Visitor: 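Pasting a structure below so you can have a look.
Hydrogens, waters and symmetry mates are skipped; everything else that's a heavy atom, side chains included, is used. For clarity, every value in this text was computed on a predicted model and none was experimentally measured. Chain naming here is simple, since letters A, B, ... match the order of the sequence lines and numbering starts at 1 in each.
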Number of protein chains: 2
Amino acid sequence: MKRIPVMEVFGPTIQGEGMVIGQKTMFVRTGGCDYRCSWCDSSFTWDGTGKSTLLSAADIVSQLKEIGGDRFSHVTISGGNPAIHQGIGELVSMLKERGIKTAVETQGSIWQDWMQDVDDVTISPKPPSSKMETDFEKLDTYIERLKDYNSSLKVVIFNEEDLQYAEKVHKRYPEVPMYLQVGNDEVDTVENDSLLSRLLERYEWLIDKAVESPELNDVKVLPQLHTLVWGNKRGV
Amino acid sequence: MKRIPVMEVFGPTIQGEGMVIGQKTMFVRTGGCDYRCSWCDSSFTWDGTGKSTLLSAADIVSQLKEIGGDRFSHVTISGGNPAIHQGIGELVSMLKERGIKTAVETQGSIWQDWMQDVDDVTISPKPPSSKMETDFEKLDTYIERLKDYNSSLKVVIFNEEDLQYAEKVHKRYPEVPMYLQVGNDEVDTVENDSLLSRLLERYEWLIDKAVESPELNDVKVLPQLHTLVWGNKRGV
Ligand code: SF4
Ligand code: SF4
């Protein structure tokens, strides 16, 4: 039994982004990441400013029940990069046994066999603005292993260079559903009104860019709904 | 060859709501509806204030190409109620032959066999606030005929009574993906800032309601993205 460092358990709320956008869900946020994205909006999971607790899968299921009661049937495991934790396999199985679906998001840098048991897998390779490098051969294997499962690609876009990166990713994996997401470049602001107009402006920019590009015909362009509603507040 | 009354063809833009939210798509809006919802946001399709042109499927494909060029691979057929037009079957086939996917939205009051050829079918029965009555036996047949196809249910919510209606619909068809959408009760305002804060406030209310209800665990709660970005402007 491998214990999992958990930063926070909260919900039910809605999933604000990606392939199951809008889904009523609980969140389990795990600590630790093998990346250091320049614009990481959950850097407290790896930069030492947050505190995690080592929990067993059974402990996490208990916490979920305690907080969410009978008001959930879907759990999103986020991070950090949840894929660094082998123990999540047990959590996913325990939830499945109880009829609860799961979703996970990872950059696709580390494989775990339990990925294939997750209902909705979002693979989010990081564009140039993150200052990270994508190992495309590793990503090929990842995508290949998930090709018969319900997975999608999501790229967060801050600028033109990121957009070109997204085109390249989409071209390399044309069969995988592709999501473009507006980057939030003000992850620390508490000025919700100005953040909102900034995000909607950036979203419109991203829509325009996707609309112009014949390389991006079969994409979905989305904002982060939770940020539109709650700003940068955590745990909602 | 049955011609189709078309009110507008526009795009590419993004689908702002429902099961393919965010999808880059062209829109074909057809005229006419068998309903008269109190809060209809496209009443110009049936109240005589808009003008339609009778077009063949081939004409529509030409218009789509003319306006969208090579920048689309998805077409959304909206209304009004597109299901009143038999001729749409030919349009859907012609698009499919060209590798273009289609989506349609209908309240589920009138069946057409071409529904089964559409890639994404949204069935949106109307809640009490619309002042329309749902014929649930008719809806049963509709859902039954689409059960092996990619369809979803969407209910627009304005108040508590609508929410109870949505719970009833979800309970009746638990296998069908269920979307709750925030109603826009200011379809005529041009005050975009106040509309935006009103819609986000209503969206938060709807999230809270869904979160509270154990009957609504497996739902997706969504706003209309195009209204957040562009207000009540048409043709974007
Ligand atoms: S991969 Fe995700 S969690 Fe890790 S640093 Fe990048 S944005 Fe943050
Ligand atoms: S069914 Fe749709 S188009 Fe027809 S009146 Fe109602 S909202 Fe308007």
Visitor: In Å, rounded to the nearest 0.5 Å, how long is the span from CG of B:Leu225 to CG of A:Leu200?
Guide: 9.5 Å
Visitor: I'd like to know whether CG of B:Asp193 has more than 12 heavy-atom contacts from other residues, nucleotides or ligands below 6.0 angstrom.
Guide: no
Visitor: Please look at B:Gln15 and chain A and tell me whether the side chain, the backbone, both or neither of the residue comes under 4.5 angstrom of a heavy atom of that chain.
Guide: neither
Visitor: Can you establish whether the number of heavy atoms outside B:Asn159 located under 6.0 Å from its atom CG is more than 12?
Guide: yes
Visitor: With a 4.5 angstrom heavy-atom cut-off, could you sort out which part of A:Glu212 is near chain B: side chain, backbone, both or neither?
Guide: backbone
Visitor: Evaluate the criterion side-chain contact (heavy atoms from CB on, under 4.5 Å) for residue pair B:Val20 and A:Lys220; output intermediate values, then yes/no.
Guide: CA-CA 8 Å; B:Val20 283; A:Lys220 296 195 177 73; 4.1 Å; yes
Visitor: Select one option (side chain, backbone, both, neither) describing which atoms of B:Leu228 are under 4.5 Å from chain A's heavy atoms.
Guide: both
Visitor: What's the spacing between B:Asp208 CG and A:Ile14 CD1 if we round to 0.5 Å?
Guide: 10.5 Å
Visitor: Kindly give the heavy-atom pair with the smallest separation between B:Val211 and A:Arg71, and that separation in Å.
Guide: O-NH1, 3.5 Å
Visitor: Please indicate whether B:Lys101 has more than 12 foreign heavy atoms, meaning atoms of other residues, nucleotides or ligands, lying under 6.0 Å from its NZ.
Guide: no
Visitor: Yes or no on side-chain contact (heavy atoms from CB on, under 4.5 Å) for A:Val219 and B:Gln23, after CA distance, side-chain angles and deciding distance?
Guide: CA-CA 6 Å; A:Val219 299; B:Gln23 175 71 46; over 6 Å; no
Visitor: With only heavy atoms counted, which part of A:Ile207 is less than 4.5 Å from chain B, the side chain, the backbone, both or neither?
Guide: side chain
Visitor: Once side-chain hydrogen bond (donor to acceptor under 3.5 Å, both in side chains) is applied, do any residues pair with B:Asn217, and if so which ones, sequence neighbours excluded?
Guide: A:Lys24
Visitor: Taking 4.5 Å as the heavy-atom cut-off, does anything in residues 167-182 of chain A contact chain B, and if so which residues?
Guide: none
Visitor: Report the option among B:Ser213, B:Pro223, B:Ser73, B:Ala210 that has the most heavy-atom pairs separated by less than 4.5 Å from atoms of chain A.
Guide: B:Ser73
Visitor: In terms of heavy-atom proximity below 4.5 Å to chain A, should B:Phe72 be classed as side chain, backbone, both, or neither?
Guide: backbone
Visitor: So which part of B:Ser197 gets closer than 4.5 Å to some heavy atom of chain A, the side chain, the backbone, both or neither?
Guide: neither
